[in-house]
K.L.:
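Submitted below is the structure of interest, expressed as structure tokens.
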There are 2 protein chains.
Amino acid sequence: MTAPPDPAQGPAEGATATRRAIPEASVARLAVYLRMLRELAEQGAETVSSEELAVATGVNPAKLRKDLSYIGSYGTRGVGYEIAPLRHQLEEALGQNHAQSVALVGVGNLGHALAGYGGFAGTGFPVTALFDIDPDLVGIRINGIVVEHVREIPRVCAERKVTIGIIATPGPAAQGVCDQLVSAGVRSILNFAPVVLQVPDEVEVRKVDLAVELQILAFHVARRHLEANASTEANTGAGVNGHTVNGTGGLLQ
Amino acid sequence: MTAPPDPAQGPAEGATATRRAIPEASVARLAVYLRMLRELAEQGAETVSSEELAVATGVNPAKLRKDLSYIGSYGTRGVGYEIAPLRHQLEEALGQNHAQSVALVGVGNLGHALAGYGGFAGTGFPVTALFDIDPDLVGIRINGIVVEHVREIPRVCAERKVTIGIIATPGPAAQGVCDQLVSAGVRSILNFAPVVLQVPDEVEVRKVDLAVELQILAFHVARRHLEANASTEANTGAGVNGHTVNGTGGLLQ
DNA sequence: TTCTGTGAATTTTTTCACAGCT
DNA sequence: AGCTGTGAAAAAATTCACAGAA
């Protein structure tokens, strides 16, 4: 996944913010830390230790510290992290200072739910444009936003300075929609459709695939089964057994 | 830097199915290959090469072959893979032979959409139980399934032999629901709530976190911005530039 | 003394490159 | 000829373990 073909690890720079190429895997976790910091801030906490934050986010403390070190962190040895400044650091590093405008294409079952999902607006990702192709949907209003026809993607996205697109269409429609988003200048796409999108190199696609997630879980169910049987040992009383992986994981951990 | 000192790549065993611990990262991709194989089968194809399948799933061909090698694949050198047998191998390896029964907790916005999402049933993951705590929802029928009260989780999950649980509740309710699922014997959970679930080691949790996904994309938007500015070069005409990562990725790739 | 920050070791994943069937 | 299967090399990510600031 990713990684510039060019192995040159570009050295320094004196600039303000970011320090060095942050590993992909770390970026995903930084986003999780940020959420937790916000929660802690809301609860009135002022500092956290790497240990506490790690437990709360289901991560190993050393990993957490290393992750934070990539953004040049602001901890205090012997004490921990002050929540407010750390939160700021993270917001800056993750591009949360300038709010991003999100377009959502496909307002069916899932898309409708996503459009109404508070989690987005709440964390600084206002959905500012909705699109569909169904005449019954075009024109209706969801959360105060009018659903436009897909053909309007270029115009509307430009007008509203959309930087992130979400595709929640049926599979067959996804590539076409994606092409339109790309030609409208959108360079980051979250894809819920069960297809692999073809995009130019400079476009970042992330895929959320519900069926695949279930498939992965099913694998672990089956494995647990095998392991339980494999342990020919006593297994005295109760139900299923076999020690198995704990994926506190989630998205690309 | 660094090579594995201990090259022990655990070899064979005579048994029927699985060969050896399949790397986590591979499992996720195997699920993707399986879907694509089904699609190809539907289109009437009979064979694929690793190259073709790799392109279709957005993966490097060598990686794909290595992934398949973990399940002891059935390709033909000089030719490729016969779709039908390979598909069977994959289904067996991923635990798709015995259909898994899925319970969905939280039939609000998102949960409702998921309950109706055809993608699940279609790929062998029938949602057989729905739960909520809201009196307005308990008792209604979605897709022919009656929504039960959350307190019925133990009974219903046992009756319907649920092996996979999906949590689509608001954050604060998630841990409680999770505990109930676990005590009902569910060992694989897909969590859409924005919290880190605390579970015993033998329970596998996967997390789908929409806000985090957007956050990750926002990071790339910001980075692209920086890179574009960093390249002091001309950048003759049009819009944004800077070569960026292409994450065909998605969930834990 | 406590807890961060980080080199270095370890482990996992990816990629290369080629021997070996068909 | 062509494409798979896989050791071995390379890269990335994780974890260890400890020096050093408060």
Side-chain angles (χ1 to χ4, degrees), chain A residues 1-9 19-30 33 47-55 57-83 85-86 89 245-249 251-253, chain B residues 1-12 19-30 33 47-55 57-83 85-86 89 245 247-249 251-253:
Chain A
M1 82 204 79
T2 48
D6 172 65
Q9 191 104 356
R19 201 168 260 280
R20 178 75 48 219
I22 304 177
E24 265 300 298
S26 292
V27 173
R29 286 188 302 263
L30 288 173
Y33 308 150
T47 61
V48 254
S49 66
S50 65
E51 173 80 26
E52 290 165 333
L53 191 52
V55 168
T57 53
V59 157
N60 165 316
K63 200 196 301 197
L64 180 141
R65 290 201 299 276
K66 179 136 286 193
D67 286 340
L68 291 182
S69 81
Y70 293 124
I71 63 168
S73 107
Y74 263 58
T76 313
R77 300 188 186 210
V79 181
Y81 301 89
E82 278 190 85
I83 289 175
L86 180 56
Q89 287 270 317
V245 178
N246 166 10
T248 315
L251 284 316
L252 99 74
Q253 181 171 65
Chain B
M1 30 187 140
T2 46
D6 172 67
Q9 189 105 359
R19 204 166 260 277
R20 182 67 52 203
I22 304 177
E24 265 302 296
S26 293
V27 174
R29 288 188 301 265
L30 288 172
Y33 307 150
T47 61
V48 253
S49 67
S50 66
E51 173 80 25
E52 291 165 332
L53 191 52
V55 168
T57 52
V59 158
N60 165 316
K63 200 194 303 197
L64 180 142
R65 290 202 299 278
K66 178 135 285 193
D67 285 341
L68 291 183
S69 80
Y70 294 123
I71 63 168
S73 109
Y74 264 58
T76 313
R77 301 188 185 212
V79 181
Y81 302 89
E82 279 189 85
I83 289 175
L86 181 55
Q89 287 270 317
V245 177
T248 315
L251 283 315
L252 95 76
Q253 183 171 62

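Convention: sequence-line order gives letters A, B, ...; per-chain numbering from 1.
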K.L.:
Looking at NZ of Lys66(A) and CG of Asn60(A), how far apart are the two atoms once the value is rounded to the nearest 0.5 Å?
P.N.:
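These two atoms lie 11.5 Å from each other.
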K.L.:
So which nucleotide from dT4(C), dT15(C), dT6(D) ends up closest to the side chain of Ser69(B)?
P.N.:
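From the listed options, dT6(D) comes nearest.
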K.L.:
What's the spacing between Arg65(B) CZ and Ser49(B) OG if we round to 0.5 Å?
P.N.:
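Going from the CZ atom of Arg65(B) to the OG atom of Ser49(B) covers 9.5 Å.
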K.L.:
Please tabulate, one pair per line, each protein N/O and nucleotide N/O from nucleotides 19-22 of chain D that are separated by under 3.5 Å, including the distance.
P.N.:
residue	atom	partner	partner atom	Å
dG20(D)	N3	Arg77(A)	NH1	3.4
dA22(D)	O4'	Arg77(A)	O	3.4

K.L.:
Could you give the CZ-to-P distance, from Arg65(B) to dT13(C), as a whole number of Å?
P.N.:
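About 19 Å, once rounded to whole Å.
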K.L.:
What's the closest nucleotide to the side chain of Lys66(A) if the choices are dA17(C), dA13(D), dT14(D)?
P.N.:
dT14(D)
K.L.:
Working to the nearest 0.5 angstrom, can you tell me the gap between Ile22(B) CD1 and Asp67(B) CG?
P.N.:
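Between Ile22(B) CD1 and Asp67(B) CG, I get 9.0 Å after rounding to 0.5 Å.
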K.L.:
For side-chain contact (heavy atoms from CB on, under 4.5 Å), just list the numbers for Leu86(B) and Tyr33(B), CA-CA rounded to whole Å, side-chain angles, deciding distance to a tenth of an Å, and then say yes or no.
P.N.:
CA-CA 10 Å; Leu86(B) 181 55; Tyr33(B) 307 150; over 6 Å; no
K.L.:
Tell me: CD of Glu24(A) to P of dA12(D), nearest whole Å?
P.N.:
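Between P of dA12(D) and CD of Glu24(A): 12 Å.
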K.L.:
What nucleotide among dG5(C), dT15(C), dA13(D) has an atom nearest to a side-chain atom of Tyr81(A)?
P.N.:
dG5(C)
K.L.:
Rounded to the nearest 0.5 Å, what separation is found between the CG atom of Leu64(B) and the CG atom of Leu53(B)?
P.N.:
5.0 Å
K.L.:
Nearest 0.5 Å, please: how far is OH in Tyr81(B) from OG1 in Thr47(B)?
P.N.:
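Here the interatomic distance stands at 12.0 Å.
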